[in-house]
Protein chains: 2
Amino acid sequence: MSAEPRLDALFQALADPTRRSLLSQLARGPASVSDLAQPFDMALPSLMGHLRKLEDAGLIETRKDGRVRTCAIVPEAFTPVRGWLDEQRALWEGRLDRLDDYVTRLMKERQNGH
Amino acid sequence: MSAEPRLDALFQALADPTRRSLLSQLARGPASVSDLAQPFDMALPSLMGHLRKLEDAGLIETRKDGRVRTCAIVPEAFTPVRGWLDEQRALWEGRLDRLDDYVTRLMKERQNGH
DNA sequence: GAGATAGTTAGCCATATTCCTAACCAAAGG
DNA sequence: CCTTTGGTTAGGAATATGGCTAACTATCTC
């Protein structure tokens, strides 16, 4: 199964400042929808929409207790994002390593050529 | 200056599979627009649009030589993305550390209470 | 200079996204 | 049982996004 759809959802969830703020709040600990809404000048259904998008991406999970819905971050859900970034870093660093190897060999050949 | 607009642009640039594929190609080394376009079944202006978005976000830079535009990745441009992820990890790990401290103190108090 | 190649610009279309208000539902408190 | 509180659903508006085609421009090759 390709990771692409998951990465789509993850990066798309992170592509909005409101959702990143929500995640930062939840990184400090679980919170109710009302608690999360307080710092924002936004209608509740709009904020609920953002939470829904984070949940659909798997970055948070929510639980209803009575009339209160509590949200919590899912730390391991960030792993594919970090993984993709690490892959890119490995790719360009590998390119630098190959260049370094090449230059090192070239220098030795020049020394041996004398 | 807030990092938010930069993070918006960065995450939005990464939120599309075509653009992530382009970045993976460029992580292997610079490439011309034509080279980059080959793996995609997409009209050239559409692909150019994606490259423009990556450039606007600062993730790539491009240079025109004659009729060929060459693109190259900008590795350091990913730093704010990693930084934000590290911040979130520090937040929830800090919460775990505080919990751990709390539990450790609670255990000691119980021992001393006897 | 004509033809080919690489890329650019403009305009359009369909879909997605973000936000709103209004109305409603479920659960708690008095 | 009524009121309050916390959240949910529905529908709409404005904007953004991702793709297309057509036409064009700039550069290279012969």
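Because the structure is predicted, anything quoted here is derived from the model rather than measured. Naming convention: chains lettered A, B, ... in sequence-line order (proteins, then strands); numbering from 1 in each chain.
- The shortest distance between the side-chain N/O atoms of Arg19(B) and the OP1/OP2 oxygens of dG18(D) is below 4.0 Å.
- Comparing dT8(D), dG19(D), dC28(D) against the side chain of Met42(B) picks out dG19(D) as the nearest.
- One atom, CE of Met48(A), and another, C1' of dT9(D), lie 10 Å apart when rounded to the nearest Å.
- Between Arg82(B) and Leu85(A), the shortest heavy-atom distance links the atoms NH2-O, 2.9 Å.
- Sequence order on DNA chain C of the closest nucleotides to Asp65(A) and Ala43(A) puts Ala43(A) first from the 5' end.
- Residue Asp56(B) contributes atom CG, which lies 14 Å from atom P of dA16(D) at whole-angstrom precision.
- Here the P atom of nucleotide dG18(D) and the CG atom of Asp16(B) are 5 Å apart, to the nearest Å.
- For dC20(D), the OP1/OP2 oxygens have a side-chain nitrogen or oxygen of Ser46(B) closer than 4.0 Å.
- Heavy-atom nearest nucleotides on DNA chain C were determined for Arg52(B) and for Lys53(A), and the one closer to the 5' end corresponds to Arg52(B).
- In this structure Arg67(B) satisfies the salt bridge (charged side-chain N to carboxylate O under 4.0 Å, His left out) test with no other residue, sequence neighbours excluded.
- Here the C1' atom of nucleotide dT8(D) and the CG atom of Leu51(A) are 13 Å apart, to the nearest Å.
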Query raised in the report: Between Gln88(B) and Ser24(A), is a side-chain hydrogen bond (donor to acceptor under 3.5 Å, both in side chains) present by the stated rule, with each step listed?
Result: CA-CA 6 Å; Gln88(B) 307 326 301; Ser24(A) 292; 2.9 Å; yes

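- Taking 4.0 Å as the cutoff to heavy atoms of chain A, we find the contact window on DNA chain C bounded by dT17(C) to dA28(C).
- Residues Leu54(B) and Leu91(A) do not share a hydrophobic cluster, defined by chaining ILVMFWY side chains whose heavy atoms lie under 4.5 Å apart.
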Query raised in the report: Can you list the steps and then say if Trp84(A) with Thr79(A) is a side chain to side chain contact (heavy atoms under 4.5 Å, CB included)?
Result: CA-CA 9 Å; Trp84(A) 186 84; Thr79(A) 301; over 6 Å; no

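- Spacing between atom CG of Leu44(B) and atom P of dA23(D) amounts to 17 Å, rounded to whole angstrom units.
- Counting to the nearest Å, the P atom of dC20(D) and the CZ atom of Phe40(B) are 12 Å from each other.
- Listed pair Arg69(A) / dT8(D) meets the phosphate criterion, a side-chain N or O lying under 4.0 Å from OP1 or OP2.
- The existence of a salt bridge linking Arg20(A) and Asp8(B) is confirmed by a sub-4.0 Å separation between a basic side-chain nitrogen and an acidic carboxylate oxygen.
- The side chain of Lys64(A) lies closest to dT8(D) when the candidates are dA22(D), dG19(D), dT8(D).
- Taking each heavy atom of Leu51(A) and Cys71(A) in turn, the nearest pair found is CD1-SG, 4.2 Å.
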